[in-house]
Amino acid sequence: MEIDGNVLAAKSLVRFGVQHMFGVVGIPVTSLANRAVSLGVRFIAFHNEQSAGYAASAYGYLTGRPGVFLTVSGPGCVHGLAGLSNASVNTWPTVMISGSCDQNDVGRGDFQELNQIEATKPFTKLSVKASHISEIPARVAQVLDWAQSARPGGCYLDLPTDVLHQKISESEAEKLLSEAENNRSISNPKPEPPLFNSKIEQAVSLLRHAERPLIVFGKGAAYARAEHVLTKLVNSTGIPFLPTPMGKGILPDNHELAATAARSLAIGKCDVALVVGARLNWLLHFGEPPKWSKDVKFILVDVSEEEIELRKPHLGLIGDAKHVIEVLNKEIKDDPFCLGSTHPWVEAISNKAKDNVAKMEVQLKKDVVPFNFLTPMRIIRDAIAGLGSPAPIVVSEGANTMDVGRSVLVQTEPRTRLDAGTWGTMGVGLGYCIAAAVAEPGRLVVAVEGDSGFGFSAMEVETLVRYQLPVVVIVFNNGGVYGGDRRHPEEIDGPHKDDPAPTDFVPNAGYHALIEAFGGKGYLVGTPDELKSALSESFSARKPAVVNVVIDPYAGSESGRMQHKN
């Protein structure tokens, strides 16, 4: 018996632990997808490679295993670069596999011809090609290993048409699979350097003697499954903590030491900041004044030595977040310290947070109709809280919708918030929803999306219905990007001044009707009672649904909280 490259690629994926694959099939990879399914891989077929790539990247984050997605050659590969690059910027383990043109026809203008290795290199840790069928197992193992080793990221595997059509005997295929499995460790990059006791002691000393210490953690800590060791660190030392947006839930947002509602005070006044699994990039104001004190001492915990060298913290601890915090906890255990609830710094953070929460609650209690952003967000928050544990995974994208949701929605469990992330990527919503539903089948998935963000991937509601995934998509419909026409009078001029504004959509669009076209459930809501009823029904049903929430087109602001950039 002989098998071709499609079968060998499928066997390789299964042998090396791939359970799910996302993608768009076509020439030359349809057979590969079918063979993978027949061998036990669940293939989730999308309408667009961008969304499939976003799904794979989120799957990698949620599971800790490389998310794999499949594309056709040429344009399909280019579309997939969105997901691949998003994975690399967010440092999530992801592998894109693309078919490519016949190697004998390269340079002759073959069907969908593209040098896909060069096209993908700027966005990957590793881009490789299987130039012969015999190379497939080793190449599959290589990209899977590289994607999740050291600092995770995107990898690319190129499978030319002629290689997929080549054949070898089953016995030879088994030999190649065994060899690749035995040699997997060789493909891994160098291991991370060991932690030195002197640096651990120095870190503990800095925290112990700080007057205003702060622990900051991000999605890197969530990816490392560091929630238990961070909880132990916070509870034992009494140090306030601040999560980045996707770090929310590592410790509950309602924890007594949470500084989220006192963020400006916390980062502006702290004198020592232990930063775990978060980069000092734009999300943390680069760790620089005026947001941070010019005298703050950063202890930066990161899996990447290059990141430590780039940021030049007071002290860098290179390693997996969970492991590093475990070592810190052991060092502290031998000589414990705790700030206590009456410590001036803890009291200042607590009082400021309570004051800000109280002010926000005054606004949230109001039932404003036509809806602003706060009223429906409060209703959504309360509906999610009513579900208890396991908490739903919340997917959030948009400008005002994401900004308001970050402040109002409460995360109590790790890895239950997915948003635009490090790159501020719009269009991730439906891909992330599908990944979350596949990776965490025991959880409901709730997307809270602006209508602009929803529009990037709205056709994937058909995918939700096709696979009957437990996803409820809530669309904040304010009629455009940021809302209604906000142009100044002097901007409304020229020969096309009667066209809709560049930010405008069709007003009162029936987004709920889109999912109904495919057999899902749609809701159109404009009052608190209508929204409460829609959420109660859709959350209980755990079936694909779209809730179209009509918002005042002039609620919110242009560019959300990023107005200074626009």
Side-chain angles (χ1 to χ4, degrees), residues 90-91 203-204 206-208 210-253 255-304 307-308 310-322 324-326 328-329 332 339 345-346 348-350 352-353 356 406-407 411 414-415 417 419 421-422:
N90 283 289
T91 69
V204 172
L206 284 167
L207 292 171
R208 185 191 307 277
E211 294 182 9
R212 296 176 301 280
L214 180 69
I215 299 172
V216 180
F217 45 74
K219 63 180 181 292
Y223 174 80
R225 273 58 180 171
E227 53 266 23
H228 297 302
V229 292
L230 279 168
T231 298
K232 182 178 180 180
L233 177 64
V234 168
N235 289 341
S236 66
T237 63
I239 297 175
F241 68 87
L242 177 70
T244 65
M246 283 181 57
K248 284 162 61 71
I250 292 178
L251 272 76
D253 285 347
H255 191 286
E256 61 184 0
L257 290 169
T260 304
R263 187 178 190 273
S264 295
L265 173 65
I267 68 175
K269 297 296 184 181
C270 71
D271 56 356
V272 174
L274 173 64
V275 181
V276 185
R279 285 170 280 180
L280 293 175
N281 56 20
W282 68 277
L283 285 164
L284 289 173
H285 313 289
F286 307 105
E288 296 174 348
K291 296 293 185 179
W292 295 83
S293 166
K294 63 181 178 61
D295 298 319
V296 63
K297 293 183 174 74
F298 286 107
I299 307 168
L300 188 56
V301 178
D302 201 284
V303 74
S304 168
E307 183 69 20
I308 301 290
L310 172 66
R311 305 301 175 183
K312 295 180 174 57
H314 183 81
L315 179 64
L317 300 176
I318 304 168
D320 172 78
K322 181 180 179 182
V324 173
I325 302 305
E326 280 177 340
L328 283 175
N329 281 333
I332 292 170
L339 300 188
W345 174 238
V346 176
I349 293 289
S350 177
K352 186 64 175 177
N356 286 341
R406 185 168 55 245
S407 300
Q411 256 59 56
R415 295 170 297 282
R417 178 182 171 85
D419 62 25
T422 305

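- In this structure, the side chains of I215 and V234 come closer than 4.5 Å at one or more pairs of heavy atoms.
- Annotation: the span from H314 atom NE2 to D295 atom CG amounts to 12.0 Å, rounded to 0.5 Å.
- Atoms CG and CD1, on L230 and I250 in that order, are 6.0 Å from each other to the nearest 0.5 Å.
- Legend: side chain to side chain donor-acceptor pair (under 3.5 Å) pairs involving residues 258-272, not counting sequence neighbours, sorted by first then second residue: R263-H285.
- Put simply, the side chain of D302 does not reach to within 4.5 Å of the side chain of L317, judged on heavy atoms.
- Within the model, atoms CZ of F217 and CG of L242 stand 8.0 Å from one another, a figure rounded to the nearest 0.5 Å.
- Residues satisfying the side chain to side chain donor-acceptor pair (under 3.5 Å) criterion with D419, sequence neighbours excluded, are R417.
- For the pair L207 and V204, the minimum side-chain heavy-atom distance is 4.5 Å or more.
- Scanning for side chain to side chain contact (heavy atoms under 4.5 Å, CB included) contacts around P313 gives F298, L300, I308, R311, with sequence neighbours left out.
- Under the side chain to side chain donor-acceptor pair (under 3.5 Å) criterion, the residue pairs touching residues 225-242 are E227-R415, N235-H255, with sequence neighbours excluded.
- Scanning all heavy atoms of the two residues, the minimum distance from V346 to G238 falls at CG2-O, 3.6 Å.
- Under the side chain to side chain donor-acceptor pair (under 3.5 Å) criterion, N90 pairs with N86, K219, T422, sequence neighbours left out.
- To the nearest 0.5 Å, atoms CD (E307) and OG1 (T91) are separated by 9.0 Å.
- The distance from the CG atom of L251 to the CG atom of L257 is 8.5 Å, given to the nearest 0.5 Å.
- Counted within 6.0 Å of CD on E288, heavy atoms from surrounding residues, nucleotides or ligands total more than 12; the atom is thus considered enclosed.
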Can you check side-chain contact (heavy atoms from CB on, under 4.5 Å) on L280 and F286, steps first, answer last?
-> CA-CA 5 Å; L280 293 175; F286 307 105; 5.7 Å; no
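- Here the closest non-hydrogen pair linking G218 and T244 is CA-OG1, 3.1 Å.
- Closest approach of A224 and A321 over heavy atoms only: CB-CB, 3.9 Å.
- Considering only heavy atoms from C-beta on, V229 stays 4.5 Å or farther from L328 through its side chain.
- Taking both residues in full, the closest heavy atoms of A278 and L284 are given as CB-CD1, 4.1 Å, listed atom of the first, atom of the second, then distance.
- Counting all heavy atoms, side chain and backbone alike, V272 lies closest to L206 at CG2-O, 3.8 Å.
- Of all heavy-atom pairs spanning P252 and F241, the tightest one is O-CZ, 3.8 Å.
- Residues that satisfy the side chain to side chain donor-acceptor pair (under 3.5 Å) test with N281, not counting sequence neighbours, are absent from this structure.
- Note: L265 CG to C270 SG = 9.5 Å, rounded to the nearest 0.5 Å.
- Residue pairs meeting the salt bridge (Lys or Arg N to Asp or Glu O under 4.0 Å) criterion with at least one partner in residues 239-250, sequence neighbours excluded, are K248-D253.
- In this structure A266 satisfies the side chain to side chain contact (heavy atoms under 4.5 Å, CB included) test together with L214, A259, I349, sequence neighbours excluded.
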